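Worksheet: one structure, shown below.
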Amino acid sequence: MAKVKREKWSKEFSEWYNELLESAGIVDKRYPVKGMNVWLPYGLKIMRNIEKFIHAEMARTGHEEVLFPALIPETEFQKEAEHIKGFEDEVYWVTHAGLDPLDVRLILRPTSETAMYSMFSLWIRSHADLPFKVYQIVNVYRYETKHTRPLIRVREISRFFEAHTAHESYEDAERQIKEDLEIFDRLAKFLALPYIISKRPEWDKFPGAYYSIGAEVVMPDGRTLQIGTMHNYRQNFAKAYNIQYETETGDHEFVHQTTFGMSERLLAAVIAVHGDDNGMVLPPTIAPIQVVIVPIPKKEAKVDVFAYAHEIAEELREAGFRVHVDERDIRPGRKYYDWELKGVPLRIEVGPRDVEGRKAVLARRDTFEKVTVERDKVVEEVRKTLDAIHENLYQRAKEFLESHIKRVDTIEEAKAVFEDRRGIVEIPWCGEEECGLKMEEELDAKMLGIPYPEERARIEGKKCPLCGREAKFIARFARTY
Ligand SMILES: [Zn+2]
């Protein structure tokens, strides 16, 4: 039996990742605009399966889907001062129509607050319209100056999910953030991804937000990847865009707003976290092909392995599985290699002896274990095995995450963690911005924030390693993507 190898995966992650995106058919980064990639059919199918779950969650929680234009007039973009300051370095401008300069220049949306909120002010009239919950999945554009990386740091985010909500009160907006966290948790379980949630420090909030929280996973090289964010805006944008509602008593009040954002980074996390040296390992929930059947014909054999393979495939399809029979005229070893690379969770091998004995061989992608099962037990065994694969992927990733979070008391210990096995460092912090920024500098790492909810971040009896004052929080630091 082959063994799980994770040498290249952990030691040369960048190279592993780039090669895999190409060889497994996820995206092609040779498109002639830097930081903009072409989605390939297989990658897109996986992403669509992730989005199917998101659409279902949105429906379950009463969010309506909308679709806004990609262009935003400069005049709208400029209404919220902090927001424009946060994005002005990154926006692409449309300045001409044909040969003529435009009267009002347009930006390609980097996110849609400034596109949506002038419309919200027309749509939201009374308390009866609230809570107001919409979302869209669209492409957004950000001129990234850092090193670009497919699905992770790109100039066109192709699958940007953004939910925008408006509420009567701060308390109701807070309830929304809790709902977002619950949706995120269900999605993460669907993807078998364990994660951590942190409340971002003041200096790293979303531009215009009252507070921001973010979800991270740890990548194979120990750096973290942000895969989800939630923001409470309070009435900040409502005041800039005049989004008011009439209360039951006839007064006019500004709404409270929140947003929830995710992107194709979810797919990057799935590929990175679950992979190994043989390629991707997809959770069965999102695998375009859950079971691949490889018939192994032998010249002298009298039985039809292809017919037998199709018979099994049909039965599995009827039971609701996504199945493919690989009939290519190439050696079985080559087929195994291809499907392992593409992360198909389960392979079924059928040779003449299996046909004669009414059996089939099940080979797991996550552990490479092989078992022979009775023909009439195939559906039942496939169902059990796919569940076991999902659970194993989650547990393996959880162990990896937990072994990459280290709590320390001093800057020296923190530095040692980053030099050694990397990951996330948790360190006492007085809560002052000055100390936080200084720690970022000394550790050459980013403060992800404090554990969320805040009760989990509070500590007693520890000193801030920088100023020596009583520490109020545990702060998390990591090298990030
Ligand atoms: Zn301090």
Side-chain angles (χ1 to χ4, degrees), residues 2-29 37-53 149-152 158-159 187-188 190-194 217-221 225 227 263-292 294 321-324 326 333-348 363-369 385-386 388-398 400-401 481:
K3 264 184 136 158
V4 177
K5 258 183 65 189
R6 287 183 136 181
E7 282 288 308
K8 184 162 186 178
W9 174 81
S10 66
K11 297 204 173 85
E12 294 160 56
F13 171 67
S14 239
E15 215 183 305
W16 176 92
Y17 179 76
N18 281 329
E19 281 174 15
L20 186 62
L21 291 185
E22 194 185 312
S23 56
I26 307 300
V27 292
D28 195 326
K29 58 180 196 302
N37 308 298
V38 181
W39 281 82
L40 298 172
Y42 191 64
L44 195 54
K45 276 180 194 155
I46 307 170
M47 195 62 217
R48 297 282 192 219
N49 285 341
I50 297 175
E51 287 170 6
K52 245 182 241 167
F53 187 87
R149 196 182 298 271
L151 311 182
I152 291 178
S158 314
R159 311 302 306 155
L187 174 64
F190 178 74
L191 302 175
L193 284 180
V217 293
V218 175
M219 300 290 263
D221 60 358
L225 180 70
I227 55 169
S263 72
E264 59 255 41
R265 278 186 166 200
L266 290 166
L267 176 56
V270 165
I271 292 171
V273 169
H274 299 313
D276 63 23
D277 285 359
N278 289 47
M280 295 200 292
V281 185
L282 291 175
T285 46
I286 56 166
I289 299 170
Q290 295 169 309
V291 183
V292 63
V294 179
F321 298 103
R322 298 187 286 273
V323 189
H324 176 70
D326 187 351
R334 178 63 208 284
K335 295 183 183 179
Y336 299 172
Y337 174 89
D338 285 351
W339 298 115
E340 281 172 9
L341 189 67
K342 284 180 173 288
V344 173
L346 190 61
R347 180 175 76 228
I348 298 181
R364 282 173 67 154
R365 173 63 185 88
D366 60 332
T367 59
F368 297 104
E369 269 173 286
T385 311
L386 290 179
I389 291 170
H390 196 90
E391 181 59 22
N392 178 50
L393 290 181
Y394 182 76
Q395 288 306 332
R396 182 168 73 173
K398 191 160 174 263
F400 184 84
L401 174 68
Y481 272 100

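These numbers come from a predicted model, not from an experiment.
Expressed to the nearest 0.5 Å, how far OH of Tyr394 lies from CG of Leu401 amounts to 8.5 Å. Taken from CD in Glu51 to CG in Leu266, the straight-line distance is 9.0 Å, to the nearest 0.5 Å. Note that the CE atom of Met219 and the OG atom of Ser10 stand 13.5 Å from one another [nearest 0.5 Å]. Going from atom CG of Leu193 over to atom CD1 of Ile227 covers 5.5 Å, rounded to the nearest 0.5 Å.
Using a 4.5 Å cut-off on side-chain heavy atoms (C-beta onward), Asn18 and Glu22 make no contact. Contact of the Arg6 side chain with the Pro220 side chain is not registered, since no non-hydrogen atoms from C-beta on lie closer than 4.5 Å. Residues Val273 and Leu225 are not in side-chain contact: their nearest non-hydrogen atoms beyond the backbone lie 4.5 Å or more apart. Using a 4.5 Å heavy-atom threshold, the side chains of Met47 and Leu151 count as separate.
Looking at His274, its side chain does come within 3.5 Å of a backbone N or O of Leu191 through a donor-acceptor pair. In this structure a side-chain-to-backbone donor-acceptor pair under 3.5 Å is missing from Asp366 to Pro345. Side-chain atoms of Glu264 come within 3.5 Å of backbone N or O of Ser158 as a donor-acceptor pair. Using a distance-only test at 3.5 Å, with no hydrogens or angles considered, no donor-acceptor pair links the side chain of Arg159 to the main chain of Ser263. Between the Asp28 side chain and the Val38 main chain, no donor and acceptor come within less than 3.5 Å of each other.
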For a side chain to side chain contact (heavy atoms under 4.5 Å, CB included) check, start with the C-alpha distance between Arg364 and Asn392, then their side-chain angles and the critical distance, and finish with the verdict.
CA-CA 11 Å; Arg364 282 173 67 154; Asn392 178 50; 3.8 Å; yes

Quick one, Asn49 with Thr285, criterion side chain to side chain contact (heavy atoms under 4.5 Å, CB included). Give me CA distance, side-chain angles, the key distance, then yes/no.
CA-CA 8 Å; Asn49 285 341; Thr285 46; over 6 Å; no

Between Leu20 and Leu341, is the side chain to side chain contact (heavy atoms under 4.5 Å, CB included) condition met? List the steps.
CA-CA 8 Å; Leu20 186 62; Leu341 189 67; 3.7 Å; yes

Side chain to side chain contact (heavy atoms under 4.5 Å, CB included) between Phe190 and Ile286, worked out:
CA-CA 8 Å; Phe190 178 74; Ile286 56 166; 3.4 Å; yes

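Side chains of Tyr336 and Asn278: a donor-acceptor N/O pair is absent below 3.5 angstrom, by distance only.
Partners of Lys29 under the salt bridge (charged side-chain N to carboxylate O under 4.0 Å, His left out) rule, at least two apart in sequence or in another chain, do not exist in this structure. In this structure Lys5 satisfies the salt bridge (charged side-chain N to carboxylate O under 4.0 Å, His left out) test with no other residue, sequence neighbours excluded. Considering only residues two or more places apart in sequence or on other chains, Arg365 meets the salt bridge (charged side-chain N to carboxylate O under 4.0 Å, His left out) condition with Asp276.
Contact record, Gly43 with Leu267: O-CD2, 4.0 Å, taken as the closest heavy-atom pair. When all heavy atoms are compared, the tightest approach of Met280 to Ile46 is CE-CD1, 4.1 Å. Looking at every heavy atom in both residues, Asp326 comes nearest to Trp339 through OD2-NE1, 2.8 Å. Closest non-hydrogen pair, Pro150 versus Tyr17, comes out as O-OH, 2.7 Å. The two residues Trp9 and Asp277 come nearest to each other via the heavy atoms N-OD1, 2.9 Å. The two residues Leu346 and Ala363 come nearest to each other via the heavy atoms CD1-O, 3.5 Å.
Of the residues listed (Val270, Ile271, Val4, Leu393), the one engaging Val281 in a side-chain contact (heavy atoms from CB on, under 4.5 Å) is Leu393, and it is the only one. Here the options are Lys342, Arg322, Arg347, the test is side-chain contact (heavy atoms from CB on, under 4.5 Å), and the partner is Val292; only Arg347 passes.
Using bins of under 30°, 30° to 60° and over 60° for the plane-to-plane angle, the ring pair Phe13/Tyr481 lands in the perpendicular bin.
The 12-atom threshold is exceeded at NZ of Lys8, counting heavy atoms of other residues, nucleotides or ligands nearer than 6.0 Å.
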